[in-house]
There are 2 protein chains.
Amino acid sequence: MQVVEQGGEGAAAGLTERQGAVLERALGLLVEGGEKALTTAGVARAANCSKESLYKWFGDRDGLLSAMIAYQAGKVRTVEAGAGALSAASLRRHLTVFARDLIDVLSGEVSLALNRLAIGQASREGAKLGRLLQERGRRQIGRRATALLEAGRKAGLIAFDDAEEAYGTLYGLIVSDMHLRMLLGEDRGALKKEFSPRAEKAVDAFLTLYGVES
Amino acid sequence: MQVVEQGGEGAAAGLTERQGAVLERALGLLVEGGEKALTTAGVARAANCSKESLYKWFGDRDGLLSAMIAYQAGKVRTVEAGAGALSAASLRRHLTVFARDLIDVLSGEVSLALNRLAIGQASREGAKLGRLLQERGRRQIGRRATALLEAGRKAGLIAFDDAEEAYGTLYGLIVSDMHLRMLLGEDRGALKKEFSPRAEKAVDAFLTLYGVES
DNA sequence: GGCGAACCGTACCGTACGGTACGCAATTTC
DNA sequence: GAAATTGCGTACCGTACGGTACGGTTCGCC
């Protein structure tokens, strides 16, 4: 077993290349046909491995699902915004970039499939997958946003008491109900096209609400 | 078969009381244990009816699921806001009531369970349940909101080009990512407590964005 | 060159579910 | 009061899945 510390595509905690490739194929199956299509036999066939290996590596089916979420989350690295001096224009630019990135992430095929998977499991087993997805996904991108907002406040461009709350407002302005509609099956492409232009308007609105007079 | 035109609890299209009671029990099972707990045998046992009757009434399992959504949607009647003359204060009051109602609906146990169900099925079968839920649920409450917004515009209190877009902004300000977090399994009560106070702030923000100077 | 670990392919087992069929009781209808 | 409809309870069937076991093969290691 060759443990790859630093695999080609963000291998996370002690996964071999082979195991990463298997998870990749499993994610493909999930995107194609939803949870129902994600059978252990199906994964083994698609990945050219044996079921026995799957159980050896991931324990059971739930372990496989958790590993898929962790693996995918490990691929998304939050870009650190250069914390240089912020001007009003550069803050607006950074916020707009963030808005577009957020829309891109949320409307991604794999992201949608994993969210559907976690939501489907939320009723039983204490929502283990949901918490995992939340911590590895939302928290990560939320940190990037709050860091940006804090920088804006430090530069005297925006004002708020609670960064989390301000981020919640920004998120709502950008996303509205787009995410839920996509999760319910509305066409990804169409919705993304509808919401992308609103990214700038959302930033405008946010700055109207939280911006300080110059 | 006694067809009840006007059952006690909003019987929709040609459902007998018995069938309504069965759907009620089925919804209970869904809330308790998620989709996995919603087996045909389980529903029959819980509702004291036979599987054969289930198939006679609803065709197959999917028909049962669709009937559950339609039945639940039929129970939610949108309250027509009295379209009297709006003042700035009454518009704000109506918007706040709407915000609280929206939070109540979205955080309802049955609503969450049905949304989870529809999202779980969204990958296959053309998202039939998702569309059903969308049309019977979101559209309904959206109409109420846009009507209120239009009334506010007519009264010269708020200004916007597209009522749908304005509603999207209002929705995002109120809900943010609360709905998704609840769908992922975060505690309903805690999240509702967290978001309820924000209803008024959301309305404030909305009026800041769309209100006209008096 | 032989040993052992990892692993693939396949077969197998128990279970649980969707859907159907049947026997019998209750209620309605003529 | 008999015939028919309705529907409950149960048993049954085929299938598909999660999980396990086993034989054969490759590959690294001493």
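The chains referred to below are lettered A, B, ... by the order of the sequence lines, with proteins before strands, and numbering in each begins at 1. Quick note: numbers below take in every heavy atom, side chains included, and nothing from hydrogens, waters or symmetry partners.
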Original post:
Are B:E32 and A:R124 ion-paired here, with the side-chain N under 4.0 Å from a carboxylate O?
Top reply: no

**OP:** Nearest whole angstrom, please: distance from the P of C:dC7 to the NZ of A:K56.
**Re:** 6 Å

**OP:** Take the protein atom CG of A:D60 and the nucleotide atom P of C:dT15, then report the distance between them rounded to whole Å.
**Re:** 18 Å

Subject >> salt bridge (Lys or Arg N to Asp or Glu O under 4.0 Å) partners of residues 65-74 of chain A, not counting sequence neighbours, each pair once >> reply: none

Subject >> Test side chain to side chain contact (heavy atoms under 4.5 Å, CB included) applied to B:A67 - qualifying residues, sequence neighbours left out >> reply: B:L23, B:F58

Subject >> d(NZ, B:K36; P, D:dC17) in whole Å >> reply: 16 Å

Original post:
Touch check for A:R18, heavy atoms < 4.0 angstrom, all strands: base, sugar-phosphate only, or nothing?
Top reply: sugar-phosphate

Distances for protein N/O vs nucleotides 20-23 of chain C N/O pairs under 3.5 angstrom?
from, atom 1, to, atom 2, distance (Å)
C:dC22, N4, B:E52, OE1, 2.3

Original post:
Just how far, in rounded Å, is P of D:dC8 from CG of B:L54?
Top reply: 8 Å

**OP:** Calculate the interatomic distance between B:R61 atom CZ and C:dA16 atom C1'; express it in whole Å.
**Re:** 13 Å

Subject >> Listed once per pair and sorted, the salt bridge (Lys or Arg N to Asp or Glu O under 4.0 Å) pairs that draw on residues 91-119 of chain B, sequence neighbours left out >> reply: B:R92-B:D204, B:R100-B:E200, B:D101-B:R144, B:D104-B:K192, B:E109-B:R188

**OP:** Taking only heavy atoms on the protein side, list every residue of residues 113-120 of chain B lying under 4.0 Å from any atom of DNA chain C, sorted numerically.
**Re:** none

**OP:** Could you list all the salt bridge (Lys or Arg N to Asp or Glu O under 4.0 Å) pairs where at least one residue sits in residues 45-65 of chain A, not counting sequence neighbours?
**Re:** A:E35-A:R61

Original post:
Between D:dG19 atom C1' and A:F58 atom CZ, what is the distance in whole Å?
Top reply: 16 Å

Original post:
How do A:S53 and B:D62 order along DNA chain C: which one's closest nucleotide is nearer the 5' end?
Top reply: A:S53

Original post:
What's the CZ-C1' distance between A:R45 and C:dT10, to the nearest Å?
Top reply: 12 Å

Subject >> Contacts of type side chain to side chain contact (heavy atoms under 4.5 Å, CB included), residue B:T169, not counting sequence neighbours >> reply: A:L173, A:R198, B:L173, B:L209, B:Y210

Subject >> 5' priority, DNA chain C, between A:N48 and B:T40 [closest heavy atom] >> reply: A:N48

Subject >> Within residues 168-181 of chain B or reaching into it, pairs that qualify as salt bridge (Lys or Arg N to Asp or Glu O under 4.0 Å) - sequence neighbours excluded >> reply: A:R138-B:D177, B:D177-B:R181, B:R181-B:E186, B:R181-B:E194

Original post:
OP1 or OP2 of C:dA6 less than 4.0 angstrom from a side-chain nitrogen or oxygen of A:W57, does that happen here?
Top reply: no

Original post:
For A:E150, what residues pass the salt bridge (Lys or Arg N to Asp or Glu O under 4.0 Å) criterion, not counting sequence neighbours?
Top reply: A:R153

Original post:
Do the non-hydrogen side-chain atoms of A:L106 and A:N115 ever get within less than 4.5 Å of each other?
Top reply: no

